[in-house]
Amino acid sequence: MSGIEILLLVLLLVVLFTAWQGIRTVPQGEVWTVERFGAFTRLLQPGLNLIIPYIDRVGRRMNVQEVVLDIPEQAVITRDNATVAVDGIVYYRVMDPARAAYQVQNLEQALTALAMTNIRAVIGEMELDAALSGRERINSSLLQILDGATDPWGVKVSRVELRRVEPPENLVRAMNLQMTAERERRATLLRAEGEKAALILAAEGRREAAMRDAEARERLARAEAEATRMVAEAASGTGEAALRYFVSDRYVKAFEALGTNPAHKLVVVPMEASGLAGGVAAALELLRPASPAMPPAPPPEGGPWSRG
């Protein structure tokens, strides 16, 4: 191989190396920075880009997609001196690649340290019960703090989530015992209130029944008094015969009810049959139409009452 061929080969290699140094292909989702003699000059967007070989070089390769940053677990002391284990995740996105590349040395490490510090600060101002039940409030506070702190870096924090907030094992057992005691207390209270309500309802039912029973007895007494008054008025108008008819009618009906009762197979009547017959005769005598008054017939002659 002659010297000219060697020279041409060297020149070809130099040209290829220069082209390789000047052509840059940026993948989608990334933005590269261009540095000229160590100073930032411009950004390379996704696609084919050209830079000046040997003068410009690619500085930082920044991911502009939304990134999920894992916050490691740490022990946090609450305001009431309870220790809880906390970890979480942070969603962020690089909005200004130049500032994210040169305003902070290590973006992920800075975000992790900032998140851990503010988690301790926010939860440290809360009591244990509030920290366990107020995750939404904690997330909102952390999001506001982290978004404001990372704005000079050209970073937008879109979401902060606490994955785990757990107290120690002995505290969990104590909380379970307290929860069990509280539930038993509520159950006892509800049972006592139910029994109280049942007793009140039963007393009100007895009172209502007594009032209605008294009202019924009062109405019955009034009806009996009214019947007695009517009977007395009838007796005063028609005399002793009407009263005898009324008593005889009641007497016959009572005896009839006693005889037709299916529960009684044998009826013992401790009274004279002549009394019943006399009552019926008196009733029939009262119902008989009145006839003109006639003088009593003279006794027959030769009877037992005749003289002689």
Worksheet item: Side chains of Glu35 and Thr41: do they bring a donor and an acceptor to under 3.5 Å?
Response: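 Side chains of Glu35 and Thr41: no pair found under 3.5 Å.
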Discussion item. Less than 3.5 Å apart, any donor N or O on the side chain of Gln74 or Arg120 sitting next to an acceptor on the other?
Written reply: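 Yes.
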Worksheet entry | Glu161 and Arg159: CA distance, side-chain angles, deciding distance, salt bridge (Lys or Arg N to Asp or Glu O under 4.0 Å) verdict | CA-CA 7 Å; Glu161 292 288 342; Arg159 192 167 184 179; 2.8 Å; yes
Is it possible for you to say whether [X] and [Y] belong to one hydrophobic cluster, with membership spreading through side-chain heavy-atom contacts below 4.5 Å?
| X | Y | value |
| --- | --- | --- |
| Met116 | Ile123 | yes |
| Val64 | Tyr102 | yes |
| Tyr91 | Val86 | no |

Worksheet item: Do Asp56 and Arg24 meet the salt-bridge criterion of a basic N to acidic O distance under 4.0 Å?
Response: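 No.
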Fill in: Lys/Arg cation over aromatic Trp153: Arg99, 6.0 Å, 45° cone
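Negative - Arg99 is either too far from the ring of Trp153 or too far off its axis.
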Discussion item. Determine whether Lys196 and Glu193 satisfy the following criterion, salt bridge (Lys or Arg N to Asp or Glu O under 4.0 Å), listing intermediate values before the conclusion.
Written reply: CA-CA 5 Å; Lys196 176 182 176 181; Glu193 290 180 355; over 6 Å; no
Worksheet item: Taking the side chain as C-beta and beyond, is there a heavy-atom pair between Leu143 and Leu146 under 4.5 Å?
Response: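 No, too far: nothing below the 4.5 Å cut-off.
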Worksheet item: Would you say the side chain of Leu162 lies within less than 4.5 Å of the side chain of Asp87, judging by non-hydrogen atoms?
Response: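 Of all side-chain heavy-atom pairs linking Leu162 with Asp87, none is under 4.5 Å.
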Any chance you could measure [X], atom [atom1], to [Y], atom [atom2], to the nearest 0.5 Å?
| X | Y | atom1 | atom2 | result |
| --- | --- | --- | --- | --- |
| Arg164 | Arg135 | CZ | CZ | 9.5 Å |
| Leu199 | Glu204 | CG | CD | 11.5 Å |
| Arg93 | Ser158 | CZ | OG | 9.5 Å |

